[in-house]
Amino acid sequence: MNRTSVLAGTGSAVPGQVVTNHMLAERMDTSDQWIRSRTGIAERRVVEPGTATSDLAVEAGRRALRSAGVDRVDAVVVGTATPDHQCPATGPIVAAGLDLGTIPAFDVGAVCSGFLYALATGSGLIAAGHAERVLVVGAEAFTTIIDPTDRATAPLFGDGAGAVVLRAGDREEPGALLGLHLGSDGLLADLIIVPAGGSRQRSLGVEAPREDHYFTMRGQEVFKHAVRRMEESAREVLGQVGWGLAEVDWLVGHQANLRILHAVADQLRLPRERAFANLERYGNTSAASIPLALDEAAATGRLRAGQRVVLTAFGAGATWGAAALTWPDLGRNGAAPPAPARI
Ligand code: COA
């Protein structure tokens, strides 16, 4: 059987509030020069108090549906590590916000690999015949779990959402999802962690100290694991689809750090110019980063119909993954590219 998932539309949304490196340097011991040189980030978008992940996800989803020319899907899968609430999941809130009726809607938690895990889940629903069309969203109000006074993490992260519509199609069509690889290593769970707020600390009956409610990370170790796993995963999907590296038009990696993206490209012996980067303006938006990058790359004409694209990510868990697809013709026909929606 040749049934596969085909990417049929993209959309994205970011908060209107911009926080530059210079603004951060006014409130903590850091500098624009340090942040740019170590990460490639110049500014990030930050939600106002009261704006939640689903607000961004609904807007990105609306744009993806419009881009796909549909107003109905059979399921919604949301990759997020910053759900609106501990309970319930954000997926049903997003489905309701888009007026999609009583379809299945749920979250997938794989932090910065969340979009690839959600993509795998959505394409699995299609492969199994449970759905003809699925809205796959990566969305985060990630700054809500970042200590705004912590220079080790606050410069790195931002908020945003990206979404794609998958539809059942054929492997030969532009847009076909051709290869997929996922991995995890729970022995590395404490490498990147928000210690409090889940069942572990609650069940101990211990009141968590303030800092335990915030994101912590052993940055240098994460850097090494990220480069290794993203490279391995990319090679795995290239092997699945039988593409040589010279045939890859774009590597769209998780936008955590420009040095990581360049290191992965170098390891793969891929020219750095083929590693798409927009983290300069958004920072690391976790599960949102790949679909936000895809929407921007398509809207600005860098991703063109028929091009061969490899996606790869690494995140807390640890989790990682990669996907290989050809880029679809999204029918923009040279029309002015839409900027991401601003919330
Ligand atoms: N501003 C200024 N100085 C800072 C700083 C900041 N925001 N953060 C740390 N420093 C200092 C450190 O204290 C250290 O000082 P010292 O040499 O006097 O001890 C120095 O800068 C170097 O710190 P280090 O942690 O070695 O920097 P680095 O080059 O490893 O960069 C990260 C730090 C976090 C940017 C980098 O490790 C990284 O990107 N890791 C991966 C993070 C990631 O991608 N996470 C998400 C994956 S899903």
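Order of listing sets the numbers, starting from 1, for every ligand and every atom in it.
Distance from atom 15 (O) of ligand 1 to its nearest protein heavy atom, with residue and atom name: Arg151 NH2, 4.7 Å. With respect to atom 27 (O) of ligand 1, the closest heavy atom belonging to the protein is Arg38 NH1, 3.4 Å. The nearest heavy-atom contact from the protein to atom 48 (S) of ligand 1 is Phe314 O, 3.1 Å. Closest to atom 8 (N) of ligand 1 among all protein heavy atoms lies Trp34 CH2, 3.4 Å. For atom 47 (C) of ligand 1, the closest non-hydrogen atom of the protein is Val222 CG1, 3.6 Å. From the protein, the heavy atom lying nearest to atom 6 (C) of ligand 1 is Thr30 OG1, 3.3 Å.
Only the side chain of Asn257 comes within contact range of ligand 1, with a heavy atom under 4.0 Å; no backbone atom does. Only the side chain of Asn284 comes within 4.0 Å of ligand 1, counting heavy atoms alone; its backbone N, CA, C and O stay farther away. Contact annotation for Val111 and ligand 1: no heavy atom of the residue comes within less than 4.0 Å of the ligand.
Formation of a donor-acceptor pair under 3.5 Å by the Arg151 side chain with backbone atoms of Asp29 is found in this model. Arg259 places a side-chain N or O within donor-acceptor distance of the main-chain N or O of Arg38, the cut-off being under 3.5 Å.
Looking at Asp107 and Thr80, their side chains never bring a donor and an acceptor atom within 3.5 Å of each other. Between the side chains of Thr285 and Glu140, not a single donor N or O lies within less than 3.5 Å of an accepting N or O. Side-chain atoms of Ser233 and Thr312 include no donor-acceptor pair closer than 3.5 Å.
No chain of hydrophobic side-chain contacts below 4.5 Å, direct or via other Ile, Leu, Val, Met, Phe, Trp or Tyr residues, connects Tyr117 to Phe142. Note on Leu191: it clusters hydrophobically with Met217, by side-chain heavy-atom contacts below 4.5 Å among ILVMFWY residues. If you chain together hydrophobic residues whose side chains sit under 4.5 Å apart, Leu251 and Leu294 never meet in one group.
Closer than 4.0 Å to atom 32 (C) of ligand 1 lies none of the heavy atoms of the protein. Within the 4.0 Å cut-off (strictly below), no protein heavy atom is located near atom 17 (O) of ligand 1. Counting only heavy atoms, the protein gets under 4.0 Å from atom 35 (C) of ligand 1. Put simply, atom 1 (N) of ligand 1 has protein non-hydrogen atoms near it, under 4.0 Å away. There is a protein heavy atom closer than 4.0 angstrom to atom 40 (N) of ligand 1.
Nearest heavy atoms, Trp327 versus Pro174: O-CB, 3.5 Å.
Using a 4.0 Å cut-off between charged side-chain N and carboxylate O, Glu132 and Arg3 make a salt bridge. Using a 4.0 Å cut-off between charged side-chain N and carboxylate O, Arg274 and Asp249 make no salt bridge. Ionic pairing of Arg235 and Glu232 is not present here: no N-O contact between side-chain nitrogen and carboxylate oxygen is shorter than 4.0 angstrom.
Remark: ligand 1 atoms within the under-4.0 Å shell around heavy atoms of Gly315 are 48 (S). The Cys112 neighbourhood of ligand 1 comprises atoms 48 (S), with distances under 4.0 Å to a heavy atom of that residue. Within ligand 1, the atoms closer than 4.0 Å to a non-hydrogen atom of Thr39 are 35 (C), numbered from 1 in the order shown. Within ligand 1, counting atoms from 1 as listed, the ones closer than 4.0 Å to a heavy atom of Ala256 are 44 (O). For ligand 1 and Asp29, the ligand atoms under 4.0 Å from any heavy atom of the residue are 1 (N), 2 (C).
Below 30°, between 30° and 60°, or above 60°: for Phe314 and His225 the angle between ring planes is below 30°, a parallel geometry.
When only interatomic distances are considered, the shortest N/O to N/O separation between Ser31 and ligand 1 does not fall below 3.5 Å. In terms of N/O distances under 3.5 Å, ligand 1 is approached by Gly219.
The shortest heavy-atom distance from Ala226 to ligand 1 is not under 4.0 Å.
Among Met217, Gln220, Met28, the residue whose heavy atom sits closest to atom 25 (O) of ligand 1 is Gln220.
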* To do: Would you check, one step at a time, whether the test side chain to side chain contact (heavy atoms under 4.5 Å, CB included) holds for Thr153 with Thr216?
  => CA-CA 7 Å; Thr153 55; Thr216 64; over 6 Å; no

